[in-house]
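Both counts, for ligands and for their atoms, begin at 1 and track the order of listing.
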Amino acid sequence: MNPIDLRSDTFTLPTDEMRRAMAQAEVGDDVYGEDPSINQLQERAAQLMGKEAALFMASGTMSNLVATLTHCHRGDEVVMGEQGHMFWNESGGAAALAGVQIRLVPNDDQGRISPDDLAKVIRPRGNIHFPPTTLVCLENTHNRCSGGVQTPEDTKRVADVAHAAGVKVHLDGARIFNAAVALEVPASALAEDVDDVSFCLSKALSCPVGSLLCGPQEFVEEARRWRKMVGGGMRQAGVLAAAGLVALDTMIDRLADDHANARRLAQGLANIPGLRLDPERMPTNIVIFEVDEAVAKGPEFIRALLQAGVKVTYPGQQSIRMVTHRHVSSQDVDEALARVSGVVRGLRGARKAGS
Ligand SMILES: *Cc1c(COP(=O)(O)O)cnc(C)c1O
């Protein structure tokens, strides 16, 4: 049985066009700023995000870390949502390497944080007892909040509170193009009110490697030094940038297909007794649902899905995550739903027989 891999859009493979572009890429030493393909990608990224400049990074994690290093000093406080990727999934880099303290505020079901919650936690400057709040991190789309999206207005409301207090705003836009496609706005509109924004090439855009950190010229120049310090100064990295340029030309519009498949998947899952989710809350390519304990404990359910040929990831407790991407067709979605439904029936039957 062919496994259907719904673990992540990071499993997407480079296209033939990307491989050809990589083979033919013009390259140079990027640490000296002399890789023409990197320079072209950085210009393109900056333009797409409406920022002055951009810097090629090895990963989204590196972009977020370097943004934190660039904006903050050791002992500063950084505010983010309690479901933030930077808090959950980046190995504690903000604390370990940037030396900042993270202050969490609630996320709503789309991954937004409320301007009022933010206003309450920003620390006044000039008190030697307090770590100064210097950065707020937002995330769009929001990974752990089912690929939730924030509109330009949502972002502006939060950014205005931060900026009024002299606090910078970093947007982790690993999947910003998914948000742009879902909301039918240019990505630059989603980044307009933040100081800097990062996005990933290596997720649904199907590139093998890469992320871009975009912001004002001066910020990017400082970030370049931090990137070197953490080992991200790559040399003939234009072979990677070449794939990125193809991705920006060919991979953005098709994200709508992933979203349609995710919707189909979410609606199908909602019809399976024992699984809980609200399909209306999942506007992009990430579907997160809860499995009843009466069906199985989370880890047991995941093992059974794997045996039935459905690969998923596990955010914790009774939650299961499925992500649609370029290698998942609508037929695959239907087949995955049939398999999941069979697994749920099987587990329920086994429970009944056992009790
Ligand atoms: C994947 C992801 C990252 C990190 O990207 P890597 O390239 O895997 O390091 C950061 N933020 C969010 C929201 C992500 O989904």
Hey, is CD on Glu300 packed in by over 12 heavy atoms from elsewhere, all under 6.0 Å? yes

Under 6.0 Å from the CZ atom of Arg103, do we count more than 12 heavy atoms belonging to anything else shown?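 Yes.
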
Looking only at distance, does Arg175 have an N or O less than 3.5 Å from an N or O of ligand 1?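 Yes.
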
Ligand 1 versus [X]: contacting region, heavy-atom distance under 4.0 Å:
| X | answer |
| --- | --- |
| Glu90 | side chain |
| Asn89 | neither |
| Met62 | neither |
| Thr61 | both |
| Cys200 | side chain |
| Ser59 | both |

Decide yes or no for [X] and [Y]: does some side-chain heavy atom of the first lie under 4.5 Å from some side-chain heavy atom of the second?
| X | Y | value |
| --- | --- | --- |
| Arg326 | Met251 | yes |
| Val169 | Asp193 | no |
| Gln42 | Phe56 | yes |

Nearest non-hydrogen protein atom to atom 11 (N) of ligand 1, with distance, is Asp172 OD2, 2.5 Å

Looking only at protein heavy atoms, which one is nearest to atom 1 (C) of ligand 1, and how far off is it?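 In this structure, atom 1 (C) of ligand 1 has Lys203 NZ, 1.2 Å as its nearest protein heavy atom.
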
Go through the side-chain N and O atoms of Asp76 and Thr134 and say whether any donor and acceptor fall under 3.5 Å apart. yes

Do Thr313 and Arg321 meet the criterion of a side-chain donor-acceptor pair at a distance under 3.5 Å?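 Yes, because at least one side-chain N or O of Thr313 sits under 3.5 Å from a partner of the opposite role on Arg321.
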
Atom indices of ligand 1 within 4.0 angstrom of Gly60 heavy atoms, with elements: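 Those qualifying, in numeric order: 4 (C), 5 (O), 6 (P), 7 (O), 9 (O).
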
Under 4.0 Å from one or more heavy atoms of Glu139, ligand 1 contributes atoms 13 (C)

Could you pull out the closest heavy-atom pair between Gln101 and Pro131, with the gap in Å?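 Heavy atoms only, the tightest pair is NE2-CG, 3.6 Å.
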
